[in-house]
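Just below is one structure, and these are the notes that go with it.
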Amino acid sequence: MTESATLQKKDFQSDQIVRWCPGCGDYAILSAVQGVMAELGVPRENIVFISGIGCSSRFPYYMNTYGFHTIHGRAPALATGVKLANPNLSVWVITGDGDGLSIGGNHLLHVLRRNIDVNILLFNNKVYGLTKGQYSPTSDQGMKTKSSPDGAIEYPINPIRVALAAEASFVARTYDANIKHMAEVFMEAAQHKGTSFVEILQNCVIFNKDVFDDVYDRKVRDDHMIHLADGEPLIFGSEEKKGVFFTGSGLTVQKISDSSPEGLMVHNSKEHAPFYPNMLASMEYPAYPVPVGVFKRIARPTYETMLHDQIKVAKQRKGDASLKKLFHAGETWDIG
Amino acid sequence: MSKTVERTLLENAIVRFSGDSGDGMQLTGTQFTTTSANLGNDIATFPDFPAEIRAPAGTVPGVSGFQIHFSSRDIHTPGDRPSVLIAMNPAALKANIDDLENGGLLIVNSDAFSKANLKKADYETNPLEDGSVERYRVIKIPITELTHRAVEETGLAKKEADRCKNFYALGIVYYLFDRNMNLTLDWINRKFAKRPEIAAANRLALIAGNSYADTTEIFTTAYSVPPASLTKGKYRSITGNQATAIGFAAAAKLAKRTLFYGSYPITPASDVLHELAALRHFDIQTFQAEDEIAAVCAAIGAAFAGSLALTGTSGPGVCLKSEAINLAIMTELPLVILNVQRAGPSTGMPTKTEQSDLLQAMFGRNGDSPVVILAPATPAECFTYAIESIRIATKYMVPVFILSDGYLANGAEPWRIPDENDLPHIPVSNVAAHSEFLPFERNPETLARGWAVPGTAGLEHRIGGLEKSDGKGNISYDPDNHERMTHYRKEKVARIAHDVPPLEVYGDETADTLILGWGGTYGSIFTAVEWLNQHGVKLAGAHFRYLNPFPANTQDIMRQYKRVIVAEINTGQLDWLIKGQFNIPTTPYQQVRGKPLLVSDLCEFIQGLK
Ligand code: SF4
């Protein structure tokens with residue numbers, strides 16, 4: 001237990017060879033996570049990484065902690081069992097847009113609403129990687145893949161809006177092109193009590209190369225993204241500063257100047273009114289800059305705390321768990 | 001009590017209460033059961049729930065029934081056919097009359113046979129008047145009217161007064177079988193303590209029904225069924241689902257571990273979830289998951305983290321859990337899967353019993369994926385096999401199926417309450433931290449890998465559904481390794497054959513014919529063997545509680561008989577396993593009617609064998 005104070009990033013690297021494609025965004029995410037682990041101060045034995053199926057789900061093998069590479073879409077359910085069995089563990093779920101939003105959509109929805117204190121990192125690369133490039137639930141409409149040679153017909157979903165709809169208590173977005181930003185967001189997710197949901201924009205260099213370049217390439221980043229910070233106005237832009245304004249009819253992006261209208265928005269992730277984070281989540285490129293950072297964080301009791309409280313109360317009320325009493329419950333009678 | 005009738009002494013009797021689901025028949029049956037059990041009878045009961053929660057009142061789908069078999073000797077089934085049927089309305093008559101034995105006693109609430117009610121039950125003419133019940137001894141009693149009169153003094157509204165008629169009927173049946181009413185009177189007082197006017201009305205109805213039967217001499221004969229000579233001890237009545245839940249709770253204490261029960265509501269398994277949810281003070285975690293898959297996955301997560309992990313469901317739920325069960329097989333984690341079987345396939349008949357998921361448990365997964373399969377034979381045995389499932393799962397680090405069924409789940413029998421100090425301790429231990437830890441290192445005797453639980457420093461490791469290398473547990477696609485691991489998984493389960501009690505033979509061991517059964521059909525088959533032996537047919541029986549692996553002596557026993565009959569409630573699943581594993585010819589016998597095996601049909605079949 002005492003080793004935690006001195007843990008380094010390399011202590012979290014396992015002896016397994018990392019097998020993602022060269023240039024894959026997953027490498028940067030792994031590096032950021034390992035860095036955060038070293039800072040977290042949680043001993044390795046109390047950390048568990050749980051994944052489903054997909055490229056991202058190889059992640060636990062590369063972490064020198066406890067790990068469970070489970071089955072497609074089910075990591076949130078597995079993580080629920082782990083956390084209920086031992087609430088002292090720091091539990092991380094690694095999933096992707098296919099694993100988490102398609103086959104495992106139901107489990108994601110329910111872990112979020114239950115508010116089990118696990119951290120969910122959803123690698124969104126808008127494509128199926130491991131099965132070699134079919135469209136996913138976040139793929140853009142019209143995307144041509146082997147399973148959609150004439151273009152994907154389906155309308156994509158936005159992971160942040162899904163998480164908000166599922167009443168997640170912590171919702172954030174970050175991107176693989178910025179290790180520092182990832183580390184900050186992961187740290188905040190780890191510190192949040194309750195389910196933390198983090199969407200990571202991730203580059204699949206093989207099947208959906210540079211799909212986020214319009215948003216986060218260094219050249220355009222400042223003009224096409226907005227970094228959320230509590231108490232700061234929603235202002236972005238490299239040279240010309242622009243702001244996000246709330247006017248009666250909705251959100252508008254306008255130049256900041258002396259004649260700017262009223263209603264420049266100031267970020268508050270603890271805003272309880274549901275419209276605010278939802279409005280932020282609706283901001284999509286190219287109509288709006290893409291927000292990254294923490295959209296929402298609110299305090300809500302976790303499922304496991306409430307469960308363990310119920311157990312405590314039941315023990316107080318019903319006394320000790322006597323098998324004898326249990327066996328003899330109800331009507332009994334003697335023979336002989 | 002004014003007059004005394006002659007009472008005929010009966011060895012046993014089978015009574016079925018039937019009425020609309022709002023008529024309180026389950027409660028009436030349970031009261032009769034408790035009273036009879038207290039009197040010292042051996043009992044076996046079987047409720048017959050309507051498939052619909054609130055089918056229209058007065059219709060056949062809304063009929064609820066409760067059958068009790070009580071006896072002055074050892075009995076094993078709720079009985080094939082009732083000798084007394086209580087029908088509270090035309091629909092109840094219609095749903096049950098064909099089961100009543102010829103010459104049986106039919107007690108009807110004649111008030112309920114109105115034109116409107118007859119129509120609801122699809123009767124064109126009144127069966128009480130058109131001669132269609134002539135085969136039976138019919139006793140028509142205006143129960144509604146008499147109940148109203150009996151409770152008049154309480155001033156209850158008509159609707160509430162109406163609800164007392166089940167107690168009026170119970171009073172009549174108590175008279176018929178010479179049962180004391182005190183237990184039920186006490187129960188009424190306790191149950192309705194907060195509503196004294198309802199308590200009073202129910203008491204009045206019960207007593208009035210009893211006096212009515214006595215003073216009006218409606219019965220030319222009344223009966224008595226004396227106490228049975230059961231083993232000395234303290235008893236309670238227990239259903240299979242209760243016994244399962246209590247067994248799990250006991251196992252957790254015996255293993256000194258937290259119990260985790262992941263489940264999604266499904267008939268007829270939900271009661272196990274309900275029972276366990278009420279045991280939070282036992283440190284039991286029940287988790288009502290979003291679906292069957294999440295239920296088993298959460299359990300596997302809990303198992304990984306060191307809890308005793310269970311998931312409970314019925315057949316359709318097992319379909320959904322298959323992939324996850326394979327994950328538990330592959331990662332070699334202890335997991336118990338309770339399948340309270342019901343009639344299938346697909347949604348089938350949820351409230352009806354069947355034993356048709358044996359091959360699903362055995363083979364219903366991709367790859368070579370052996371699991372252990374246990375099947376309790378009686379409601380009370382569910383307790384024993386709940387404990388046994390956890391012993392095996394944790395000792396061998398393997399998933400274990402318990403195949404209960406709708407009959408065991410809801411059927412009740414007297415349970416001789418064990419002394420909790422006599423129950424065996426279940427030794428379970430985690431791997432302790434050591435430098436040479438390997439996740440897939442095996443115990444040479446059991447072939448089980450160790451249980452290395454998160455939170456233990458120095459044992460950090462990764463497991464998953466991909467094939468792992470022997471010992472080290474890294475991902476491996478090596479052909480030799482896969483073959484070795486496949487055989488380990490198989491051999492580990494096979495070795496359990498020597499760690500379970502041998503198959504036992506009952507009945508006439510010198511017979512040429514052996515009848516085999518498994519799980520919930522024990523009572524019917526045992527009763528058939530007993531009856532046939534008494535009637536000059538030589539027959540031996542053996543009943544499987546362990547289906548994978550079979551007990552080590554199975555082959556030897558079967559080879560001692562010229563003919564092996566395999567009786568089950570499916571189209572031949574045990575028969576398949578027997579033929580496949582032992583290559584012996586069998587004589588199959590099957591009924592798939594959503595009901596327990598009828599003893600009379602089975603006896604007839606065996607008597608007719610050439
Ligand atoms: S296929 Fe795409 S997501 Fe998968 S490892 Fe390769 S680059 Fe990364």
Side-chain angles (χ1 to χ4, degrees), chain A residues 1 3 14 16 43-51 53 60-61 63-74 76-86 88-89 106-107 109-110 307 310-311 313-315 317-324 326-336, chain B residues 34 37-38 40 183 227 230-237 246 249-250 253 258 260 262 279-283 285 287 289-291 293-295 297-307 309 323-324 327 331 417-418 420 423 453-466 474-475:
Chain A
M1 284 284 192
E3 67 163 18
S14 78
Q16 303 296 297
R44 276 190 319 196
E45 66 270 20
N46 286 348
I47 299 173
V48 186
F49 276 81
I50 300 173
S51 63
I53 295 290
Y61 292 118
M63 294 295 301
N64 192 5
T65 62
Y66 283 91
F68 203 153
H69 177 209
T70 72
I71 45 179
H72 209 3
R74 319 302 171 201
L78 265 291
T80 296
V82 169
K83 188 70 183 180
L84 297 188
N86 186 352
N88 296 324
L89 299 172
N106 194 29
H107 309 306
L109 161 67
H110 290 278
L307 174 66
Q310 283 192 353
I311 290 174
V313 170
K315 282 179 178 167
R317 215 181 37 199
K318 298 191 181 163
D320 69 324
S322 145
L323 280 183
K324 187 168 183 164
L326 176 64
F327 293 173
H328 288 254
E331 308 269 355
T332 62
W333 64 91
D334 287 298
I335 302 274
Chain B
T34 311
N38 265 276
L183 275 175
L230 298 170
T231 316
K232 258 173 85 164
K234 203 170 207 52
Y235 284 79
R236 64 175 276 192
S237 167
I246 293 175
K253 280 225 139 191
T258 305
F260 182 96
L279 298 179
R280 290 256 196 268
H281 59 303
F282 275 77
D283 255 325
Q285 301 185 353
F287 175 65
E290 58 271 27
D291 58 27
I293 299 171
C297 286
I300 294 170
F304 178 55
S307 291
E323 187 192 14
L327 179 66
T331 53
I417 301 172
E420 65 283 2
L423 299 173
V453 173
T456 321
L459 301 189
E460 294 84 6
H461 68 286
R462 276 67 55 191
I463 57 172
L466 288 170
N474 291 330
I475 299 172

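Chain naming here is simple, since letters A, B, ... match the order of the sequence lines and numbering starts at 1 in each. The figures that follow rest on heavy atoms only: side chains count, while hydrogens, waters and symmetry mates do not.
Heavy-atom distances place no part of B:Ala295 under 4.5 Å from chain A, backbone and side chain included. Proximity to chain B is limited to the backbone of A:Ser322, based on heavy atoms less than 4.5 angstrom apart. Contact annotation for B:Leu459: both backbone and side-chain heavy atoms come within less than 4.5 Å of a heavy atom of chain A. In this structure, no portion of B:Thr258 lies under 4.5 Å from any heavy atom of chain A. Only the side chain of B:Leu327 has a heavy atom closer than 4.5 Å to any heavy atom of chain A.
Contact tally against chain B (heavy-atom pairs below 4.5 Å) for A:Ala314, A:Ser14, A:Gly330: the top residue is A:Ala314. Between chain A and the residues B:Lys253, B:His461, B:His281, the largest count of heavy-atom pairs under 4.5 Å involves B:His281. Across B:Ile293, B:Thr231, B:Thr331, B:Leu423, the residue that shares the most heavy-atom pairs under 4.5 angstrom with chain A is B:Ile293. Most heavy-atom pairs under 4.5 Å with chain A: of the set B:Ala294, B:Ala37, B:Gly464, B:Gly40, this distinction falls to B:Ala37. Here A:Thr65 is the residue among A:Val48, A:Asp320, A:Thr65, A:Val313 with the most heavy-atom pairs under 4.5 Å with chain B. Annotation: maximal heavy-atom pairing with chain A below 4.5 Å, among B:Ala305, B:Pro227, B:Ala298, B:Ser307, occurs at B:Ala298. No other option in A:His110, A:His107, A:Lys324, A:Arg317 has as many heavy-atom pairs under 4.5 Å with chain B as A:His107. For the set A:Thr70, A:Asn86, A:Asn88, the entry with the most heavy-atom pairs within less than 4.5 Å of chain B is A:Thr70. In terms of non-hydrogen atom pairs under 4.5 Å with chain B, the most contact-rich of A:Thr80, A:Leu89, A:Ile71 is A:Ile71. Contact tally against chain A (heavy-atom pairs below 4.5 Å) for B:Pro454, B:Gly465, B:Ala299, B:Ser237: the top residue is B:Pro454.
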Exercise for review: List the steps and the verdict of side-chain contact (heavy atoms from CB on, under 4.5 Å) for A:Ile311 and B:Gln285.
Suggested key: CA-CA 8 Å; A:Ile311 290 174; B:Gln285 301 185 353; 4.1 Å; yes
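Among all heavy-atom pairs drawn from B:Glu290 and A:Asn106, the shortest one is CG-ND2, 3.6 Å. Here the closest heavy-atom approach between residue B:Leu183 and residue A:Glu331 is recorded as CD2-OE1, 4.2 Å. Shown here for B:Ile463 and A:Tyr61, the closest heavy-atom pair between the two residues is O-OH, 4.4 Å. A:Leu326 and B:Ala249 make their closest contact through CD2-CB, 3.8 Å (heavy atoms, listed as atom of the first residue, atom of the second, distance). What you find for B:Ala250 and A:Leu323 is that their closest heavy atoms are CA-CD2, 3.6 Å. Smallest separation of non-hydrogen atoms from A:Asn46 and B:Gly455: OD1-CA, 3.4 Å.
Here the side chain of B:Glu460 pairs a donor or acceptor atom with the backbone of A:Glu45 at under 3.5 angstrom. A distance-only check finds no donor-acceptor pair linking the side chain of B:Arg280 to the backbone of A:Leu307 [under 3.5 Å]. Not a single donor-acceptor pair under 3.5 Å links the side chain of B:Lys234 to the backbone N or O of A:His328.
In this structure, B:Phe304 and A:Ile50 have side chains that are not in contact, with every pair of non-hydrogen atoms separated by 4.5 Å or more. The shortest side-chain heavy-atom distance between A:Tyr66 and B:Val453 does not fall under the 4.5 Å cut-off.
Here the OH atom belonging to B:Tyr235 is positioned 10.5 Å from the CG atom belonging to A:Asp334, to the nearest 0.5 angstrom.
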